[in-house]
2 protein chains.
Amino acid sequence: MQQLDIFTYLGKLQDYYVREKIIPSTTQLSALWNVKARSWTHQIVQRLKEEGFLENAPGGRLRPTLRFFERTVGHRVWAGLPQQAFDVQPELLRIDDYLIEKPSQTILFPVKGDSMIDLGILEGDMVIIERGNTASIGQVVLAIVDNEFTLKVLARDQEGYYLEARNEKRGRDYPPIRPEQKLEIYGFYVGLIRKAHVAPHRPHARPGSSL
Amino acid sequence: MQQLDIFTYLGKLQDYYVREKIIPSTTQLSALWNVKARSWTHQIVQRLKEEGFLENAPGGRLRPTLRFFERTVGHRVWAGLPQQAFDVQPELLRIDDYLIEKPSQTILFPVKGDSMIDLGILEGDMVIIERGNTASIGQVVLAIVDNEFTLKVLARDQEGYYLEARNEKRGRDYPPIRPEQKLEIYGFYVGLIRKAHVAPHRPHARPGSSL
DNA sequence: CATTATAGAGAACAAACGTTCTTGATTCAA
DNA sequence: TTGAATCAAGAACGTTTGTTCTCTATAATG
């Protein structure tokens with residue numbers, strides 16, 4: 001704690017950036033960090049630049065680098081403090097880049113119902129759909145049936161193409177969908193994001209200690 | 001073309017923002033827009049604020065609004081489609097913002113095994129973990145057992161706290177984990193991202209037409 | 001003990017900043 | 001042809017900015 005811990009400052013700044021979507025000026029940074037002297041704030045900023053979290057945009061203002069957004073991915077227990085995650089060369093990952101390859105052809109679609117539960121696609125999840133009207137058998141596709149979107153597996157038999165659910169338990173609730181005329185495919189499933197509905201944080205349990 | 005076309009200015013600014021990831025100052029905007037008077041630049045900015053493309057961040061600096069990013073996936077694509085699509089405003093949702101509230105306390109962790117499959121957490125998924133050593137019974141937690149991370153449900157009985165898997169089918173493969181001394185909780189599950197392993201794109205099927 | 005980093009504050013400054021007010025063209029409808 | 005908008009530039013303002021330089025405490029080291 002004696003040592004100037006840049007990551008404490010970085011953390012506050014990252015949280016601020018998420019809130020405000022801007023890197024503030026030295027003066028405002030001083031307030032954010034509870035530093036009384038703008039000169040000292042400047043010093044800390046300099047350190048963050050050396051570490052590669054910030055850089056100067058044309059005009060001298062600060063802007064976040066790619067590294068600023070990167071998030072640690074843990075594989076095994078890091079010896080000691082969690083902050084060391086940065087030192088230990090962990091895998092770094094940016095969610096948007098990881099999930100979306102073609103931003104202009106990608107949309108998010110909210111999942112309703114549990115017809116795809118066997119593939120781990122739950123109600124309330126957001127599926128990531130890449131546009132394209134061609135798909136392979138067995139692929140999960142977002143199709144348009146009766147003027148409504150539906151997420152199903154593309155299948156085919158003697159009678160032609162149809163859509164299958166993936167819910168073993170309640171299979172009879174989701175019979176195959178056979179298009180009356182044509183099957184309109186909007187895009188195909190390339191990923192998923194889920195926000196867990198965390199119960200309002202009542203810290204019931206505090207088993208053992210911590211780190 | 002006679003009329004002051006804000007969108008010409010907006011376009012240039014959008015391109016600049018993609019390049020530099022920052023909204024420049026009035027002076028630099030003047031250069032970008034080939035406007036000689038900073039006052040006039042200020043006027044245009046005012047117009048863009050009224051239209052909802054820009055706003056003032058705390059401190060007076062400019063920042064882009066959500067509408068600023070609107071253009072990427074043309075909304076015209078949606079015209080004529082089922083109404084569900086409009087609920088989400090796909091291109092306006094930024095994944096990072098949606099999933100992560102406290103970036104500095106959040107990590108991603110790759111899921112191994114199928115012990116949590118009943119909660120739709122599959123092998124290869126990345127769970128989003130928010131740090132904190134307190135948790136409620138029934139919450140999904142990332143705990144440290146035998147110097148390895150494990151993702152399980154926190155439970156409790158007469159004997160004390162323990163960890164449960166969630167895999168009905170192969171329940172006997174995942175017996176409850178009871179800590180020898182103390183149960184160390186690293187953080188709790190707040191979300192998930194998944195990248196579907198799309199088979200190399202062989203466009204087997206082209207059922208019906210498209211849009 | 002003396003010394004040397006480290007953590008922090010204060011003052012000071014030129015440049016850049018956001019803003020306002022004034023003035024001059026050009027366009028276009030009454 | 002008068003008069004109001006619109007488009008544009010200039011000058012001027014007080015404030016904030018990034019930066020530098022100097023000066024202290026405190027802690028660690030030898």
Side-chain angles (χ1 to χ4, degrees), chain A residues 1-17 19-65 67-68 80-84 86-87, chain B residues 1-17 19-65 67-68 104:
Chain A
M1 268 296 132
Q2 294 298 50
Q3 182 114 335
L4 167 70
D5 188 11
I6 322 181
F7 298 105
T8 311
Y9 294 109
L10 178 63
K12 284 188 187 178
L13 180 54
Q14 283 172 327
D15 291 348
Y16 181 93
Y17 190 88
R19 279 203 317 277
E20 304 292 351
K21 267 148 200 102
I22 201 172
I23 302 282
S25 70
T26 331
T27 313
Q28 287 166 278
L29 274 176
S30 303
L32 179 67
W33 287 340
N34 288 313
V35 167
K36 260 142 222 158
R38 243 155 76 244
S39 61
W40 184 238
T41 303
H42 184 247
Q43 204 79 358
I44 300 168
V45 166
Q46 224 63 27
R47 204 76 71 90
L48 287 173
K49 284 201 275 188
E50 281 166 22
E51 298 287 334
F53 293 108
L54 294 175
E55 63 185 357
N56 284 105
R61 286 180 180 182
L62 292 172
R63 76 173 156 206
T65 62
R67 180 133 199 239
F68 185 88
L81 300 159
Q83 276 99 344
Q84 273 175 318
F86 287 98
D87 306 332
Chain B
M1 268 293 132
Q2 295 296 52
Q3 181 114 337
L4 167 68
D5 188 11
I6 323 180
F7 297 102
T8 313
Y9 295 110
L10 179 62
K12 285 188 185 178
L13 181 53
Q14 283 170 330
D15 290 347
Y16 181 93
Y17 190 87
R19 277 203 319 277
E20 304 291 352
K21 265 141 192 112
I22 201 172
I23 303 282
S25 70
T26 329
T27 313
Q28 287 167 277
L29 274 174
S30 303
L32 179 67
W33 287 339
N34 288 314
V35 167
K36 260 140 220 157
R38 242 156 74 243
S39 61
W40 184 237
T41 303
H42 184 246
Q43 205 78 357
I44 300 168
V45 166
Q46 225 62 27
R47 204 76 71 92
L48 287 172
K49 284 201 276 186
E50 280 165 24
E51 298 286 335
F53 293 109
L54 294 175
E55 63 184 358
N56 284 106
R61 285 182 182 179
L62 292 171
R63 74 173 159 205
T65 61
R67 167 160 280 139
F68 184 87
S104 61

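Applying the salt bridge (Lys or Arg N to Asp or Glu O under 4.0 Å) criterion to A:Glu51, with sequence neighbours excluded, gives no partner residue. Residues forming a side-chain contact (heavy atoms from CB on, under 4.5 Å) with B:Ala37 (at least two apart in sequence, or on another chain): B:Ser39, B:Trp40. A:Lys36 is linked by a side-chain contact (heavy atoms from CB on, under 4.5 Å) to nothing, counting only residues two or more places apart in sequence or in another chain. Shown here are the side chain to side chain donor-acceptor pair (under 3.5 Å) partners of B:Gln43, two or more places apart in sequence or in another chain: there are none. Residues passing the salt bridge (Lys or Arg N to Asp or Glu O under 4.0 Å) test with A:Arg63, sequence neighbours excluded: A:Glu55, B:Glu20.
Between the CD atom of A:Gln43 and the C1' atom of C:dG8 there is a distance of 10 Å, rounded to whole Å. As rounded to whole Å, 15 Å separates atom P of C:dG18 from atom CZ of B:Arg63. Rounded to whole Å, atom P of C:dC17 lies 14 Å from atom CD1 of A:Ile22. Here the P atom of nucleotide C:dC21 and the CD atom of B:Gln46 are 13 Å apart, to the nearest Å. Rounded to whole angstrom, the span from the CG atom of A:Leu62 across to the P atom of D:dT16 amounts to 19 Å. Between B:Trp33 atom CH2 and D:dA8 atom P the separation is 12 Å, expressed in whole Å.
Side-chain N/O atoms of B:Thr26 and B:Thr41 include no donor and acceptor closer than 3.5 Å.
In terms of phosphate contacts, A:His42 brings a side-chain nitrogen or oxygen within less than 4.0 Å of OP1 or OP2 of D:dT19. For the OP1/OP2 pair of D:dC7 and a distance below 4.0 Å, the side-chain nitrogens and oxygens of B:Arg47 include at least one atom meeting the criterion.
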N/O-N/O pairs, protein side and nucleotides 10-16 of chain C side, under 3.5 Å:
from	atom 1	to	atom 2	distance (Å)
C:dG10	O6	A:Ser39	OG	2.5

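When heavy atoms are screened at a 4.0 angstrom cut-off, A:Val45 is found touching no nucleic acid atom at all.
Nearest to the side chain of B:Tyr9, among C:dC17, D:dA8, D:dT19, sits D:dA8.
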